[in-house]
Amino acid sequence: MKEMHTTYDPKEFEDRIYEKWMEEGSFRAEVDPAKVPFTVMMPPPNITGQLHMGHAMDETTQDVIVRFKRMQGHSVLWLPGTDHASLATEHKIVEKLREEGTTKEELGREEFLRRAWAWKEQYGGKIIGQLKKLGSSCDWSRLAFTMDEKCSTAVKEAFFRLYKKGLIYRGSRIINWCPDCKTALSDEEVAYSEDAGSFWYFNYPVKGTDEHITIATTRPETMLGDTAVAVNPHDERYARFIGKTLILPIVGREIPVVADDYVDPEFGTGAVKITPAHDPNDFEVGLRHNLQMIRVLGDDGTVNAQGGKFEGLGRYEARKRIVAEMQDLGLLVKVEPHAHNVGHCHRCNAVLEPIVSKQWFVKMKPLAGPAIHAVMQNKTKFVPDRFAKIYFNWLENIRDWCISRQLWWGHRIPVWYCDDCGETICERETPTKCPKCGSTHLHQDEDCLDTWFSSALWPFSTLGWPNETEDFKYFYPTDVLVTGYDIIPFWVMRMMFSGIEHTEKVPFRDVLIHGLVRDEQGRKMSKSLGNGVDPLEVIEKYGADSLRLSLMTGVAPGNDTRFTDAKVEASRNFINKIWNASRFVLMNAEGDIPPLAEVRLQPADRWIISRLQSTIREVTLSLQKYDLGIAADKITDFAWNDFCDWYIELSKPALYGDDAEKKRGTLAVLMFVLENTLKLLHPFIPFVTEEIYGYLPHVKGNIITADFPRYNTKLAYKKEAKAFEGVIDLVKTVRAMKVEVGCPPVKKVPLYLVTEQKRLVAVNKSSILRLAGASDIDFVESGAEAGEKPVSKVCELGQIFVPLGELVNLEAERKRLEKELERIMGEIARADSKLTNKNFVAKAPKKLVEDEAAKKEKYLDMKKRIEQQLKLL
RNA sequence: GGAAGUUUAGCUCAGCUGGGAGAGCACUUGCCUUACAAGCAAGGGGUCAUAGGUCCGAGUCCUAUAACUUCCACCA
C-alpha cells in the first residue's frame, strides 16, 4: 500500500483527481428509467467573465447538492454552459476595436461577428477551466452556449410562438437608452444612483401677456422638446392659466398649459414642463392630451436637428448653453442644488436617456399572472421563502419588456420586412418571399434580442426543446435552481414565465437563493473598489476544498457572508485534521480488516457508531432542506470532536495492547467510521475525500459514486451511547480537577470512585487511565477510604476522589467545594421553581416534567456528597 | 413613498416547527502526550438592540421603537 504524505498538500492531488473523474465519466448524466433524475441548470457565466467569489459560492452550493444527490442514487444532470452576454461582450469588442483605431460600422456586421466568435473561442473557455479548478462535477459532455444551435432554435421558436399569440409587438414607446452603448435597455438593466444635480427654475411667458409660469427642471436641455406645461387641475394658483398658450423660450414654439393629475402641487413650483419624447411620465401626459412628441436627442446623446442652433452639441454642453441663454434672456429665476436618482447603464455606467423609440416588446401582464400563481400554489418554492415576496413584487408591478437591442452580437430578431409592400414577416425559418405580395425583396430586422431572452429559455432550450428529446422528457422540469437574490428579476422571473408559457410546466421545483460574498469589511466586492478576492489565488494557496468548505460553513440561506482568509485557514486546518486522522487509521491497519458485523463491540465503539448514526441522520435532513451550513457544521463537529478527539484517543489502548481480537474490533470500527465520515464530507470537500478514499484497503471504486451513508436504526445504540457519556464526563472531570489544583498533566494520579456504574468504568479502565492521566482506579463507598487529603468532585457517574497529598491546599479545597455547592444549590432552586409551578406541571409535556424531576434528584444527591466531603475537611 | 433583511461572546457568524445560549477566530493557563503545533487539554467572556404582549415557559411567536444594510418606486 502507498504511504500517505505526512501533511495535507492539496496541490499534490486536486488536478489529478479531477482528471480521474473526467476520464471515468463520473459526471456524465444517463437517461436511466430505473433511477430518479435530479437536474440542475448551471446559471451560465458570461463569456466575458472571470471566476469571482460570487461564482465560487454559486458553484459550490450547486456542487454540494449535486454530489449529495448523486451519492443518493439519483441520475444527476448538472448542465453547464456559458452566456453570450450580448451587451457586455459587444462592449468589450467595440473597446478593443477602438484601440485598434477602427469601429464596428467600419468593419461591417459580418466581419464584426467573425471577430466576436473568434473572441468567444479565445476567451469564452477560460471560465470553464476555472470552474473545473473548483471541483464542479457538471456534465461537460452537455456543455451549452446561449448562441449554439440548440439555443438558437429555441429562441426562434419562442419568439415565433409569442409573436403569433400577440404577446410580442413592435411599437414606439419610451425606453431607456444608453448613448454610449447606443442601444435600448430593459427597465431591469437600469441601475439607479443618487447623483448631485441642480434644479433650474425657468420662466415661460404666457402668450400675449406680461405674465409667465415658472417651471423647475433637472434637465434644461430637454426644453427643446417641450410641447406643453402641465399643472394640477385643482391647483388654484394656476387655474386661470389652464388652456392658455405659452411661448417656449429660445425655441419660440407655442405650447399649451394642460391640467393633469400627475402633477404634484407641493413639488417644485407646481408647474411642470412636458417633454413627451424624453420622459416616461411626460410621455403618458402627452398621450392623454394628444401632445406632439418631439425628439431632440440623437442616439449618441447629442442634440439633433430639432434642437435648432444647438444641433450637434453634447447633452451637457447643450444644457450649459441653454442655461446661459435663459439667464441672458432674464428667464432664469434661480438654481438650487438637488440630489436626485439618475439611471445609469448597468454595463458602462453612462447616464441613460429616456427616449421614445421604435422597439420590440413582450407583453408582460398575460405572462406574469401564471408565473405568480405557480409560486402561490407552491409549484415552485423559494428557499428561504421570503424571496417569494420579492418575486411577487416584481411581477405584480411589471411593465412590458423591451427585448430589442441595437447590437450585432446576439440572436437576431427573427422578423423580416418586405421592401415592396412593407409587410412584417415572422417565421421559424428565413422566408424567401413575401407571403402577402410575393416579393423576394426582404430584409431582416437589424436588431438583436436582449441576452435574457435566451437565458429565460435555458432550463429547456439546453435539453433540446422544442424537440421532444430523450433528455427533455427525462430531465425536465429541473429540480433546483441556485442563484443569488440579485438575479431574481433578471432571470428567475423570466425563466418562470417562459417555462410555464412554452412547456406548460414550471422550470424548477425549488429556487435556492444564496447571499452575496462580501469583503472582510462587509463591502460588496467590486471592480471599482478593487476589493475583489480572486478565488483562483485562494485555491492556489489553500486548495479548492478549503475554499469550498469556508464558503459553506457559518452561512444561512439567503444571508450575505464575509470572506476572510482566517475562515479559509480554519477550513484548511480541519481538512488537515481529517488527513491526519485518516493517516492514523491507515498506519494502524494491518491484516484483513473485518466488517463491522463480525466483531464484538465495546461501549466506546457503540458510542461512536451511535454518534455517527445521529450525524448521518441530521446531515441528510439538513442537506435535503438545503441547510448546507448546518450540515457542514454537524459533520465537522462530529469528525473533529467525537471522532478525532475522543474515539481515536479511546482506541489507542486497544490498538497498542496485546488483545488481538479487541484490536481487530477497534480497527473495524475505526475504518467504518472513517469511511462514513469521508462520505458525509465528500460533497463539501470532494478532492481530499476522494484522495483518502483511494487509500482505504477494503473499498472499491470512487467515493464520488459511492452510496451516501444511510441512517441505520440497528446501529443507533441510544441507551449505550448515553451511558458512555458518563465515561467521557468522568475523564473531563478528572482533567479539570488536575488543572484546578495545579497538578502537572504528566503526573499520574490514583482515582477513587464512588459509583454504581462499576462495570462500565471497569471495561473502559485503560482508556480512562490514559485520557485522564491516572495511575489506577479503585471503587470505594465514601471519601473516607480515599487516602490522605483527597480532593473531590461529583460527576455524572458519581463522585471522584483524588488524593493529591502535598498539592492540596485545604483552604482552597474548601472554597472550591463551597463554590460548587453553591452552583448545585442554584440548580436545585431552578428545578424547584419549575416543579412547584402548578401550571408548568399541568401544561408542559410530561417528558419535560419527568426530566426536571430526575435532574432535581441528581442534584440533591450531588449536594449530599459535597456536604459530606466538606465535613471531612 | 413601498418592501425585505440585519441587530446573539472582543471579531465573523450559526441557532430547524418556542423547553436549560453555540461554533470558528481572538484571549488566558498548561502541554512538542509516538495521526496532526495547520495540534492537545483546561478555562474566561453574552440583561440574545429596546419596550410591551401571547404563553406554564420567548434568542425563537406578535406589536411598536431605534440603528444599520439592501431592493423597488420616484416629483418634473
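Side chains are part of it too, since the values below use all heavy atoms of this structure and drop only hydrogens, waters and symmetry mates. In what follows, chains carry the letters A, B, and so on, assigned in the order in which the sequence lines appear, proteins first and then strands, with residues in each chain numbered from 1.
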B/A76 phosphate, OP1 or OP2, under 4.0 Å from A/Arg219 side-chain N/O: no
Residue-phosphate contact under 4.0 Å: A/Arg735 side-chain N/O, B/A42 OP1/OP2: yes
B/G57 base / A/Lys843 side chain donor-acceptor hit below 3.5 Å: no
Distance below 4.0 Å between A/Tyr656 side-chain N/O and B/A35 OP1 or OP2: yes
Whether A/Phe638 and A/Phe643 hold their rings parallel, tilted or perpendicular, with breakpoints at 30° and 60°: parallel
Distance below 4.0 Å between A/His278 side-chain N/O and B/A76 OP1 or OP2: no
Under-4.0 Å side-chain N/O to phosphate OP1/OP2 contact, A/Asn573 with B/C25: no
N or O in side chain of A/Lys577 less than 4.0 angstrom from B/C40 OP1/OP2: yes
Donor-acceptor pair under 3.5 Å, A/Glu852 side chain vs B/G19 base: no
Pair assignment for RNA chain B - dot-bracket with | for other-strand partners, Watson-Crick or G-U under 3.5 Å: (((((((..((((.....[..)))).(((((.......))))).....(((((..]....))))))))))))....
N/O (side chain, A/Lys652) to phosphate O (OP1/OP2, B/A35) under 4.0 Å: yes
Value in whole Å for how far the P atom of B/U17 lies from CD of A/Glu618: 16 Å
Over-ring placement of A/Arg572 relative to A/Tyr542, 6.0 Å and 45° cut-offs: no
Plane angle bin for A/His338 and A/His340 - parallel if under 30°, tilted between 30 and 60°, otherwise perpendicular: tilted
5' priority, RNA chain B, between A/Asn397 and A/Asp637 [closest heavy atom]: A/Asp637
Phosphate OP1/OP2 of B/C40 contacted by A/Trp640 side-chain N/O (<4.0 Å): yes
B/C61 and B/C25, which share atom name P, separated by this distance in whole Å: 30 Å
Parallel, tilted or perpendicular: rings of A/Phe387 and A/Tyr485 (30°, 60°): parallel
hbond_proxy A/Glu649 side chain to B/A41 base (donor-acceptor, 3.5 Å cutoff): no
For the student: nearest non-hydrogen atoms of A/Leu681 and A/Thr689, plus distance: CB-CG2, 3.9 Å
Shortest non-hydrogen contact from A/Asp400 toward A/Met364: OD1-N, 3.0 Å
Below 4.0 Å: OP1/OP2 of B/A4 and any side-chain N or O of A/Arg386: no
5' priority, RNA chain B, between A/Lys793 and A/Pro280 [closest heavy atom]: A/Lys793
Pair A/Glu353 + A/Arg315: basic N to acidic O under 4.0 Å: yes
Pairwise P distance for B/C13 and B/U33, with rounding to whole Å: 38 Å
